[in-house]
Amino acid sequence: MELKHYMDQHERIWEELNIIKALCKKKDIEQDAAEIALHINSLAGKLKIHLSSEDQYLYPSFLQSNDSKLVTMAVEYQKEMGNLLAVFTEFKEGFNTKFKILADKDRFYSEADKIVRTIEMRMQKEENGLYRLVK
C-alpha cells in the first residue's frame, strides 16, 4: 500500500501545527490572533481532508488486511482517536476568528495546547506504528 500521500498530508499538518505553536509561544496574542485564526482554519481544511481520506480508504483497507497485527492496531487507533475531527471542529468553531480568540485568551491557550498535542500524538502513533507495518 502506498502511504506517500498520507505522509505528505501529515507534513502539511505538522507545518500548520508548528506555526500555531510558535505563535502561541510568543504570548503576543493581541498582535497574533488574526494570524493564529488563519492557521487554525487552514489546519481545519487539511485535517478534514486527511481524516476523511483515512476513514474512507486507508483504515478500511487496514481492516481487510491478512496481517492480524495491522488489523488489531487499526481497530485500536480508530477506537482511541476516532473522534479527533469532532474534537478539533469544536475547537475550531470556538477559536476560528481573532475576536473569538481574544474573547477568552486563557481558554484559547489551554484548548490550543490540548488539541495540538492530541493531533501530534495521533500522527506520531500512525507514523511510528501503523504506517511502519505497511511499508
Side-chain angles (χ1 to χ4, degrees):
M1 171 173 291
E2 178 59 44
L3 295 176
K4 182 180 178 347
H5 174 71
Y6 295 98
M7 293 299 290
D8 289 346
Q9 289 178 343
H10 274 200
E11 182 75 26
R12 290 189 292 277
I13 293 167
W14 280 114
E15 289 169 3
E16 291 296 340
L17 291 173
N18 288 332
I19 291 168
I20 292 168
K21 287 188 326 187
L23 290 168
C24 288
K25 191 180 284 188
K26 285 174 52 180
K27 295 287 186 184
D28 192 5
I29 197 76
E30 300 291 334
Q31 183 70 31
D32 295 327
E35 187 174 356
I36 292 169
L38 173 77
H39 288 286
I40 288 171
N41 287 306
S42 178
L43 176 61
K46 291 173 177 147
L47 205 55
K48 183 175 182 178
I49 289 167
H50 178 71
L51 294 174
S52 295
S53 180
E54 281 187 339
D55 289 347
Q56 289 178 357
Y57 305 108
L58 189 62
Y59 277 82
S61 70
F62 289 163
L63 296 174
Q64 293 177 3
S65 172
N66 293 327
D67 182 341
S68 63
K69 187 173 181 180
L70 180 61
V71 171
T72 301
M73 195 177 285
V75 168
E76 177 185 308
Y77 283 22
Q78 281 187 313
K79 284 181 187 174
E80 186 177 306
M81 299 179 275
N83 69 338
L84 181 57
L85 186 57
V87 171
F88 179 79
T89 299
E90 184 178 325
F91 167 78
K92 179 197 67 135
E93 293 301 318
F95 300 108
N96 62 348
T97 70
K98 172 183 178 176
F99 303 106
K100 290 177 181 179
I101 291 170
L102 294 176
D104 196 349
K105 299 173 213 170
D106 291 337
R107 189 171 137 256
F108 166 73
Y109 280 123
S110 173
E111 294 297 317
D113 182 61
K114 279 190 257 182
I115 196 67
V116 165
R117 282 189 285 118
T118 300
I119 295 167
E120 287 176 333
M121 182 186 74
R122 174 174 171 146
M123 291 194 307
Q124 286 170 345
K125 283 187 80 166
E126 285 178 341
E127 291 173 10
N128 296 326
L130 199 56
Y131 288 8
R132 287 195 176 181
L133 287 177
V134 178
K135 288 185 176 180

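Quick note: numbers below take in every heavy atom, side chains included, and nothing from hydrogens, waters or symmetry partners.
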field: Distance in Å, L23 CG paired with I101 CD1, rounded so as to fall on 0.5 Å steps
entry: 9.5 Å
message: Nearest 0.5 angstrom please: L17 CG to E15 CD, how far?
response: 10.0 Å
- prompt: Should Y6 and V134 be regarded as members of a common hydrophobic cluster, given that ILVMFWY residues are connected when their side-chain heavy atoms come within less than 4.5 Å of each other, either directly or indirectly?
  reply: yes
query: Heavy-atom distance under 4.5 Å between the side chains of F91 and I40, does that happen here?
result: yes
query: Would F88 and L38 show up in the same hydrophobic cluster when neighbours are defined by side-chain heavy atoms closer than 4.5 Å?
result: no
message: What I want to find out is whether D8 reaches K4 closely enough, with some N-O distance under 4.0 Å, to be called a salt bridge.
response: yes
- request: Spell out, as yes or no, whether a donor-acceptor pair under 3.5 Å connects the side chain of S53 to the backbone of I49.
  value: no
task: Could you check if a side-chain atom of Y131 sits within less than 4.5 angstrom of a side-chain atom of L58, using non-hydrogen atoms only?
output: yes
message: Suppose we screen for side chain to side chain donor-acceptor pair (under 3.5 Å). Which residues come up paired with H50, at least two apart in sequence or across chains?
response: Q9, H10, E54
message: If you define the side chain from C-beta out and look only at heavy atoms, does anything of I36 sit under 4.5 Å from F95?
response: no
- prompt: Does one hydrophobic cluster hold both M73 and L51, with members joined at side-chain heavy-atom distances below 4.5 Å?
  reply: no
query: Would you say the side chain of T72 lies within less than 4.5 Å of the side chain of K69, judging by non-hydrogen atoms?
result: no
field: Heavy atoms from other residues, nucleotides or ligands near CZ of F99 exceed 12 (cutoff 6.0 Å)
entry: no
- line: All heavy atoms of L63 vs all of A74, minimum pair found to be CD2-CB, 3.9 Å
side-chain hydrogen bond (donor to acceptor under 3.5 Å, both in side chains) pairs, two or more places apart, involving residues 24-46: E16-H39, E16-S42, E16-K46, K26-D32, E30-K105, S42-K46
task: Report the relative orientation of the aromatic rings in F62 and Y59; use parallel for angles under 30°, tilted for 30 to 60°, perpendicular for over 60°.
output: perpendicular
- prompt: Taking atom NZ of K100 as the centre, does the number of heavy atoms from other residues, nucleotides or ligands within less than 6.0 Å exceed 12?
  reply: yes
query: Is there side-chain contact between W14 and E127, with at least one heavy-atom pair below 4.5 Å?
result: yes
message: If the threshold is 4.0 Å, N to carboxylate O, is there a salt bridge linking K92 and E111?
response: no
- prompt: Distance from E120 atom CD to I115 atom CD1, nearest 0.5 Å?
  reply: 11.0 Å
message: Tell me whether Y57 shares a hydrophobic cluster with L3, the cluster being built from Ile, Leu, Val, Met, Phe, Trp, Tyr side chains joined at under 4.5 Å.
response: yes
- request: Using a 4.5 Å cut-off on heavy atoms from C-beta on, say whether the side chain of V87 contacts that of T118.
  value: no
- prompt: Can you get from L130 to L47 by hopping between Ile, Leu, Val, Met, Phe, Trp and Tyr side chains that sit under 4.5 Å apart?
  reply: no
Donor-acceptor pairs under 3.5 Å, side chain of residues 77-85 to any protein atom, not counting sequence neighbours: which ones?
residue : atom : partner : partner atom : Å
Y77     : OH   : K125    : O            : 3.1
E80     : OE1  : K125    : NZ           : 3.1
E80     : OE2  : K125    : NZ           : 2.7

message: Counting only heavy atoms not in E90 (residues, nucleotides, ligands), do more than 12 fall under 6.0 Å from its CD?
response: no
